[in-house]
Amino acid sequence: MLVLGIDTSCDDTAAGVLRAPREILSNEVATQYDLHAAFGGVVPEIASRAHAERVTRVIERACDKAGVALGDLDAIAVTNRPGLVGSLMVGVAAAKSLALALDIPLVGVHHIEAHCTAAMAEHEDLDYPFLALVASGGHTALYHCREPNVVELLGQTIDDAAGECFDKVAVMLGLEQPGGPAVSRLAVDGNPKAVRFPRARVKDDPLGFSFSGVKTAVLYYLKGPGGKRDQPDRDDLDVSYGDVAASFEQAVVDVLVQRSLRAVEQTGVQDLVVGGGVAANRRLRADLHARAPEGVRVRFPSMGLCADNGAMIALRGAEMLAGGMTSELDLDVSATGEAAL
Ligand code: KG4
Ligand code: ZN
């Protein structure tokens with residue numbers, strides 16, 4: 001069965017083709033960083049317009065790269081939640097048109113569930129039940145994926161997402177977006193122990209996350225108490241920007257690793273997967289492997305499957321279709337992820 005997956009949930013226009021259940025034939029993404037750079041964040045209106053302009057070509061490229069014609073497709077999977085409503089609508093409209101024209105099933109996919117299952121494409125032995133840490137620009141949460149369509153939320157951030165925090169710290173350090181890779185590159189030569197940034201706990205929630213404190217701590221470190229100094233003055237700092245980046249990165253990674261391993265301990269589930277853009281972080285990858293107790297199997301997707309992509313939507317869609325789940329052509333979108341199928 002060939003499934004086309006489409007994701008336009010935020011600022012990436014993505015499409016990929018999967019041979020069910022797990023073989024990825026193509027995974028094409030058109031990013032929009034350049035369009036939003038001047039605004040310091042994703043501008044929803046600009047994102048939707050860019051999706052509308054690009055989505056058809058990205059789908060065409062995904063089919064070409066996979067060596068399949070539109071007529072070969074057996075189903076269309078599309079992210080319909082959560083995300084920016086205007087952006088989601090573009091992908092969903094494209095998916096509905098294709099499903100109608102080709103007379104094949106349509107399935108609306110939850111974006112975060114797709115991040116949870118992305119690692120399955122490259123780890124054939126990975127099976128349910130497993131735990132999933134999803135850390136991206138919009139989400140940071142731990143899930144217990146019990147069965148293909150039974151997912152339980154164990155804990156999530158009460159404020160910023162981990163990726164969002166990387167993006168904001170990148171701005172403070174004068175780096176480009178997306179901030180995660182930029183901060184990470186700067187951190188390579190830095191000392192992660194140079195500055196002790198906070199590792200926040202959430203009261204009465206052992207698997208909860210909070211990243212706004214570490215973000216503020218970096219701001220105050222660079223711009224003085226209260227963040228009042230206009231420009232961070234490198235000469236006033238005791239350490240280099242590389243040290244600040246490495247120390248910040250270590251603080252975030254420590255929390256992600258600690259909560260994930262606590263979830264393993266609490267549930268007794270020995271398989272842990274990571275998904276979302278932050279899963280591309282090299283320090284997180286190294287530390288989680290190094291600190292996981294013996295017997296715990298930690299799996300990351302390859303870099304192209306960490307960030308938003310169409311192949312993971314196709315993979316999750318194929319799993320839903322195998323469970324008899326499909327969507328009607330009046331499929332709706334939802335910003336929060338609450339919508340019915
Ligand atoms: O999953 P994703 O592509 O989109 C969302 O669903 O949000 O995640 C994007 C986020 C951005 O915040 C980006 O800065 C972060 O993932 N990111 C990273 C790295 N690569 C991407 N964060 C830390 N280290 C990285 N290497
Ligand atoms: Zn995502």
Side-chain angles (χ1 to χ4, degrees), residues 5-14 16 27 29-33 36-37 40-42 44 47 51 78-84 87-88 91 109-119 132-141 143 156-157 160-173 175-188 190 192 211 214-215 218 245-246 248-257 273-288 300-313 315-316 335-337:
I6 302 169
D7 186 281
T8 59
S9 57
C10 189
D11 58 341
D12 291 331
T13 314
N27 208 6
V29 183
T31 61
Q32 301 181 7
Y33 300 126
H36 303 282
V42 175
H51 285 310
V78 63
T79 304
N80 75 322
R81 65 200 198 282
L84 299 171
S87 288
L88 288 165
V109 171
H110 191 293
H111 181 85
I112 307 303
E113 290 177 6
H115 274 307
C116 289
T117 47
L133 167 70
V134 178
S136 70
H139 303 268
T140 299
Y143 298 90
Q156 62 185 329
T157 181
D160 289 356
E164 182 183 1
C165 202
F166 269 95
D167 295 338
K168 288 177 179 168
V169 166
V171 173
M172 296 175 205
L173 292 170
L175 303 172
E176 77 273 21
Q177 296 295 318
V183 169
S184 211
R185 274 195 301 275
L186 183 63
V188 168
F211 293 110
V214 65
K215 176 192 66 188
V218 175
F248 156 74
E249 182 179 54
Q250 190 66 60
V252 173
V253 166
D254 279 353
V255 171
L256 294 174
V257 170
V273 308
V274 188
V278 182
N281 185 272
R282 290 183 195 280
R283 196 180 300 267
L284 174 63
R285 294 170 93 96
D287 283 15
L288 196 49
F300 284 85
S302 60
M303 296 300 187
L305 276 178
C306 289
D308 292 350
N309 67 91
M312 72 174 189
I313 305 303
L315 193 140
R316 173 67 191 130
T336 60

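Start at 1 and go down the list; that is how both ligands and their atoms are numbered.
- A distance-only check finds no donor-acceptor pair linking the side chain of H115 to the backbone of L133 [under 3.5 Å].
- Around CZ of R282, the count of heavy atoms belonging to other residues, nucleotides or ligands within 6.0 Å does not exceed 12.
- Some N or O of G163 is nearer than 3.5 Å to an N or O of ligand 1, by distance alone.
- Geometry about the Zn ion (ligand 2) gives an angle of 100° between NE2 of H115 and OD1 of D308, rounded in steps of 10 degrees.
- Contacts with ligand 1 closer than 4.0 Å are made by side-chain heavy atoms of D167 only, the backbone lying farther away.
- Residue H111 places a heavy atom under 4.0 Å from ligand 1.
- Close contacts between ligand 1 and A280 involve ligand atoms 26 (N) [criterion: under 4.0 Å to a heavy atom].
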* Asked: For T79 and D7, what are the C-alpha separation, side-chain angles and deciding distance, and is it a side-chain hydrogen bond (donor to acceptor under 3.5 Å, both in side chains)?
  -> CA-CA 5 Å; T79 304; D7 186 281; 2.6 Å; yes
* To do: With side-chain hydrogen bond (donor to acceptor under 3.5 Å, both in side chains) as the test, would you mind laying out the steps for E249 and N281 before giving the verdict?
  => CA-CA 9 Å; E249 182 179 54; N281 185 272; 2.7 Å; yes
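- Using modelled atom types, one side-chain atom of N309 and one backbone atom of A307 make a donor-acceptor pair closer than 3.5 Å.
- At least one heavy atom of G138 lies less than 4.0 angstrom from ligand 1.
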* Evaluate the side-chain contact (heavy atoms from CB on, under 4.5 Å) criterion for residues S136 and V278: first the C-alpha distance (whole Å), next the side-chain angles of each, then the deciding distance (0.1 Å), finally the verdict. => CA-CA 5 Å; S136 70; V278 182; 5.6 Å; no
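- Q177 contributes no side-chain N or O that, together with a main-chain N or O of G41, makes up a donor-acceptor pair within less than 3.5 Å.
- Using a non-hydrogen distance threshold of 4.0 Å, H115 registers as a contact of ligand 1.
- F248 pairs in a side-chain contact (heavy atoms from CB on, under 4.5 Å) with only one of the listed residues (V183, L186, L173), which is V183.
- For ligand 1, none of its N or O atoms has an N or O atom of A307 under 3.5 Å away.
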* Asked: When you look at N80 and H111, which way does the side-chain hydrogen bond (donor to acceptor under 3.5 Å, both in side chains) test go after all the steps?
  -> CA-CA 8 Å; N80 75 322; H111 181 85; over 6 Å; no
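- A donor-acceptor pair is defined here as one N or O able to donate and one able to accept, closer than 3.5 Å; no such pair exists between the side chain of S87 and the backbone of G83.
- Taking backbone and side chain together, H139 holds no N, O or S atom under 2.8 Å from the Zn ion (ligand 2).
- Between N281 and ligand 1, at least one pair of N/O atoms sits closer than 3.5 Å.
- From the protein, the heavy atom lying nearest to atom 22 (N) of ligand 1 is G180 CA, 3.3 Å.
- Near G137, the atoms of ligand 1 lying under 4.0 angstrom from a non-hydrogen atom of the residue are 5 (C), 7 (O), 8 (O), 9 (C), 10 (C), 12 (O).
- Taking 2.8 Å as the threshold, H111 counts as a candidate ligand of the Zn ion (ligand 2), since one of its N, O or S atoms lies below it.
- Between D308 and ligand 1, at least one pair of N/O atoms sits closer than 3.5 Å.
- Among the backbone and side-chain atoms of D7, none of the N, O or S atoms lies under 2.8 Å from the Zn ion (ligand 2).
- In terms of protein heavy-atom proximity, atom 21 (C) of ligand 1 is nearest to G277 O, 3.3 Å.
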